[in-house]
Structures are given as C-alpha cells and as structure tokens.
Protein chains: 2
Amino acid sequence: MNPFRTRPNPITDDGDGDGFSFCGNCAFAGVCHAEGYDKPALKELHCLVQHVGPYHAGTLLFREGDPFNAIAAVRSGMVKTFRVDAAGREQVLGFFLLGEIIGLDAIHNGRFPCNAVALDTVSLCRFSFPMMATLATRMPGLQTQLFRLLSQDINKAAAMAGDFSADERMAAFVLSISRRFANHGFSPNRFALSMSRTDIGNYLRLAAETVSRVMRRFQNEGLLHVDRREFEILDMARLQQLALPLLRE
Amino acid sequence: MNPFRTRPNPITDDGDGDGFSFCGNCAFAGVCHAEGYDKPALKELHCLVQHVGPYHAGTLLFREGDPFNAIAAVRSGMVKTFRVDAAGREQVLGFFLLGEIIGLDAIHNGRFPCNAVALDTVSLCRFSFPMMATLATRMPGLQTQLFRLLSQDINKAAAMAGDFSADERMAAFVLSISRRFANHGFSPNRFALSMSRTDIGNYLRLAAETVSRVMRRFQNEGLLHVDRREFEILDMARLQQLALPLLRE
DNA sequence: CGTTCTTTTGATAGCTCTCAAGTCGCGTGG
DNA sequence: CCACGCGACTTGAGAGCTATCAAAAGAACG
C-alpha cells in the first residue's frame with residue numbers, strides 16, 4: 001500500500017545500458033558529480049536507492065501519520081502533497097516534479113505530516129533515510145546537500161506564507177513551474193500541468209474560481225495562453241514582474 | 001557589526017560555576033543528554049559555542065544577503081526575522097525565543113535570506129555552521145538533531161502558509177508563545193511579549209488594526225486579558241479549539 | 001451519447017485592509 | 001510635578017479583494 005514502507009523492487013537499470021543516466025535529473029546529482037562517480041561512497045549511495053513505481057494517477061503514496069522511513073526523488077510524473085483539515089478543506093503543501101525530493105518534512109516527527117498522491121503516472125527513487133543519514137556521516141557532500149535541500153524547503157514554505165495577491169501568486173506559480181521544467185531541458189514556455197484548478201487553488205490559497213478568473217485575465221492581457229491544462233507563456237517579462245514580490249531566485 | 005561574522009567573545013561561563021547549566025534551554029540540549037555530558041565529542045560541541053551579546057533592543061543581528069557562517073541559539077531575549085519587499089512592506093518570518101535556533105534558512109544559499117533584529121536585550125550562542133557540520137559527521141546524534149530542527153522549520157513555515165482566519169491565526173499565535181514559554185518552565189498563562197502589534201500583524205499576515213480588533217474581541221469573550229504587551233490566557237480550551245486548524249503538536 | 005467531473009462565468013456576500021481620527025502611555029523638558 | 005510630544009495602540013467608517021453560492025458550458029469516460 002505505502003511504497004515508502006515496502007521494498008517492492010530491487011534496483012533496476014533504466015534499460016538504456018547506463019544505470020546512472022536517470023540521475024542527471026535528481027536533486028542529489030550535484031553530490032554525485034562532486035564526489036566523482038567512481039568513489040566507493042557513491043556506489044553506496046546508489047546501492048540504497050530503490051526504484052519504485054510506476055503508480056497510476058490517484059495512487060496514494062503515503063498518508064498523514066504514516067511512519068517515516070524514507071524520502072523519495074521523483075523519477076517521472078508529478079506528486080502532490082496535502083493535508084485535510086477538520087472542516088474537510090484540502091491544503092496542498094507542494095507539487096513535486098522531476099528530481100525533487102519528497103518527505104523532508106517528515107523527519108521532524110518521524111511521521112508524515114501530510115498525504116502524497118500521484119497526479120499522473122509516477123515513478124520514484126526511494127532512499128531509506130536512516131541509511132542515508134548514516135552514509136552522510138562518511139560522505140560530507142551528501143550531508144551538505146541534505147542540509148541544503150532541507151533549508152531550501154524552509155524558504156519555499158516561507159515564500160508561500162507571505163500575503164500576496166491572487167495575481168502575484170498565480171504569476172509566481174506559473175513561473176516556478178516553468179523554471180523547474182527548464183532546469184531539466186524542457187521548454188520554459190510550453191508545458192502541461194497534471195493538477196486540477198482546484199489543486200492549484202488549494203496550493204495558492206485561492207478558490208478554484210479565482211484561479212480560473214485570474215488565468216482568464218492573464219490570457220486577455222496577453223501574458224499567457226491556456227488550453228485546459230496546457231500552458232504557454234507569452235510574456236515572461238511581465239510575469240516575472242508580477243511575481244517579483246514572491247520569487248527571489 | 002554582524003555578530004554572526006565576528007568572534008567578539010571567547011566562551012564564558014555563566015558565572016554560576018557550571019558552564020553547562022544554560023544549555024538546558026537550548027535546542028541542542030537533547031543531543032547533550034543523549035550523548036552524555038562526559039563524551040569528548042560533546043566537549044567539542046561546547047568548544048565551538050561562542051557566547052555573543054548582549055545586544056540591546058533594535059540591534060540588527062544580520063541583514064538579508066549577509067554571508068552565512070553560523071547559526072545561533074537564543075540564550076536570552078527575543079529575536080525577530082523579517083524581509084522587506086519592494087513595496088516597503090515588512091514580512092516577519094519568525095520570532096525566536098529562548099533556546100530556539102536562528103539561521104537554518106540561510107544554509108541553502110550560503111546567505112541570510114532575511115534580516116534579524118533584537119526585540120529586547122538579547123544574548124546568543126553562536127555556532128559556526130561549517131564546524132558544526134563537521135562535528136555532526138562524528139556525532140550522529142547531532143546530525144539527527146540538525147535534520148530534525150530543519151525539518152521542524154519546514155513544518156512551521158508550512159503551517160503559516162495555510163489560509164486561516166484572523167481569529168485562528170491570533171489564537172494559534174498566542175498558544176504557540178504560551179507553549180514555548182511553558183517548555184522552559186515559565187507560566188503558560190501569563191507572559192509578556194516584546195514585539196509590537198505591527199510586528200504581530202506582519203507575522204500573521206494581518207493588518208495591525210486587525211490584530212488589535214481580534215484581541216479586543218478575545219478579551220470581550222473572556223478568552224484572554226491583554227494589558228499593553230502583557231498577556232493572560234483565561235480560556236485555554238477555547239483558544240486551542242480556535243487554533244486547531246493551525247496547530248498540530 | 002448519456003453521465004460525471006472539471007472548468008467557466010456571473011452575482012452576491014464577507015472578511016480584512018485602508019484611511020482617518022482619537023486615545024493612551026511614556027520619556028523629555030520646562 | 002506637570003506640560004508637551006512622540007510613538008504605539010485603539011476604534012470607526014468605508015472600500016476592495018476574494019470567497020461563496022449558483023448555474024451553465026465543456027471535456028472525459030464508459
């Protein structure tokens with residue numbers, strides 16, 4: 001049920017004859033390059049990776065309160081993490097794209113503070129966190145990268161906590177997705193999202209109707225073109241200007 | 001100027017004949033107890049501590065963009081971290097009380113993403129972060145605690161990012177302060193804050209006037225008594241109920 | 001080709017902000 | 001000791017942004 005608890009598959013090669021190739025997209029790629037692919041420690045890092053999935057859209061990857069054993073990097077697809085409050089309203093904490101790390105917020109209590117669901121077909125790289133922490137002891141670069149990733153998530157969460165207008169939030173959201181796609185060699189101007197308007201709204205703390213209205217206005221003003229869940233950015237500069245209060249990197 | 005960059009004082013005993021006594025309030029206290037006070041590694045941890053301060057109210061401890069060298073634990077007083085956006089509006093990221101760790105959000109970029117100011121007379125324990133990371137390599141308990149503290153800050157920031165009413169935010173704020181004081185043996189029902197209404201508003205993403213109005217209503221409803229900056233909680237249960245959507249620990 | 005979910009669009013209400021004025025506390029100086 | 005002045009805080013009135021409610025249009029699914 002919970003792929004973070006089980007060990008469904010042994011490590012499998014991606015089938016392209018190079019077991020390391022997929023790693024170029026991973027948040028730990030920098031560690032690998034810094035250490036050099038030939039070091040024994042790096043082999044250990046790869047040894048504790050488990051490829052899990054694919055999971056189809058809607059699969060619950062873990063549930064709030066589940067014991068925390070592992071973090072995971074997205075190998076393909078998109079993941080949404082969220083909580084449901086007593087009133088039944090859903091709070092989306094984050095969307096996770098290729099290479100991004102899920103589960104860092106679970107370290108604190110040893111339990112996941114949120115649920116995670118696959119938004120489309122998702123494959124993950126699962127890292128046992130106790131093993132990773134032990135390895136980080138002998139691999140300072142890995143420790144540093146873990147600290148950085150954790151620290152980065154603090155900043156991401158803090159950015160969302162500011163009080164910004166619907167326009168600012170929407171612009172920042174579209175830009176953030178654009179940049180994260182671009183980081184992996186995809187077009188920064190055209191991309192498809194897997195989440196619903198409701199998901200976007202719950203993430204941005206806006207009603208789904210407001211998301212729809214802001215998008216409409218952005219289209220009317222020539223900022224972007226939206227066709228269902230496919231986005232095209234038409235005026236990157238103005239989007240950046242709008243998102244300025246919210247984005248800083 | 002920036003106490004996080006300089007080394008004003010060598011370690012000094014608190015004057016009570018026990019150099020470790022102040023540590024009971026520190027976020028790293030758990031590490032010390034777990035490791036045992038006699039271990040050499042623990043001595044090293046204490047060796048990299050620098051007592052800095054006191055700083056008087058209003059002193060800028062670091063500034064957005066300053067290079068990051070060290071984290072710090074609050075030894076006495078209260079600290080506010082904040083950013084100022086292009087429009088000149090101040091966003092308060094956090095208030096730091098006795099024993100709480102400042103600067104974890106700076107690891108990511110190697111620069112402080114925010115400013116920090118003393119709200120009253122403040123003393124700190126400064127920890128060189130590079131040295132601490134190195135030490136964490138030989139001291140798994142310290143590494144674990146650092147991971148935990150970072151992860152905790154993600155959750156704190158995420159909690160602030162939800163869309164909650166002014167009442168919920170205010171109740172959660174008062175309760176949070178109360179609990180943090182209580183953790184150090186102070187009364188959970190009576191405490192004095194060092195920050196202004198404006199600071200509270202900028203932290204809770206509310207106008208200062210709204211903070212004032214909510215407090216007035218809380219007083220009228222018998223939830224608490226407020227005299228200038230002194231607070232007394234009169235109905236803990238109802239406050240907790242109000243804060244429920246926001247607080248979870 | 002109907003069913004269902006998502007998305008859009010419109011009308012209205014509500015929460016909080018903004019602007020403005022007044023009050024209070026406190027330090028300064030007469 | 002008291003008057004003054006400044007900053008913090010409170011209180012009120014009105015506006016604005018976004019949420020909510022409602023309904024229709026559109027895509028996806030079998």
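This one's a predicted model, so the numbers in the text were calculated from it and none came from an experiment. Numbers restart at 1 for each chain; the letters A, B, ... are given by sequence-line order, proteins then strands.
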Between C1' of C:dT7 and CZ of A:Phe218, the distance in whole Å: 18 Å
Crowding at CZ, A:Arg190 (>12 non-hydrogen neighbours, <6.0 Å): no
Donor-acceptor pair, side chain of A:Ser151 and main chain of B:Leu104, under 3.5 angstrom: yes
Whole angstrom value for the distance that separates C1' of C:dT16 from CD of B:Glu168: 14 Å
Gap between atoms CG and C1', on B:Leu119 and D:dA8 respectively (whole Å): 15 Å
Any B:Lys80 side-chain heavy atom under 4.5 Å of B:Met195 side chain: no
Sugar-phosphate only, base, or nothing, as touched by A:Arg229 at under 4.0 Å among non-hydrogen atoms: sugar-phosphate
A:Ile71 and A:Ile102, any side-chain heavy atoms less than 4.5 Å apart: no
Nucleotides 11-19 of chain D: protein proximity per nucleotide (B base, S sugar-phosphate only, - neither; heavy atom, under 4.0 Å): BBB----SS
Atom pair distance, as rounded to whole Å: CE in A:Met215 and P in D:dG26: 19 Å
Euclidean distance, atom CG of residue B:Leu204 to atom P of C:dC15 [Å, nearest integer]: 18 Å
CG on B:Leu234 to CG on B:Leu239, rounded to 0.5 Å: 9.0 Å
Ionic contact status for A:Arg89 with B:Asp163, cut-off 4.0 Å: no
Length of the line joining A:Asn202:CG and C:dT6:P, which is rounded to integer Å: 12 Å
Produce the list of close N/O pairs, under 3.5 Å, pairing protein atoms with atoms of nucleotides 21-26 of chain C; give distances to one decimal.
none

B:Phe82, B:Phe181, B:Tyr203 screened by ring-ring contact (aromatic ring centres under 6.0 Å, His included) with B:Phe95, the one that passes: B:Tyr203
Close aromatic pair by centroid cut-off 6.0 Å: B:Phe186 and B:Phe191: no
Spacing between A:Met195 atom CE and C:dT6 atom P, to the nearest angstrom: 15 Å
Test item: side-chain donor near acceptor, A:Arg180 and A:Ser176, under 3.5 Å: yes
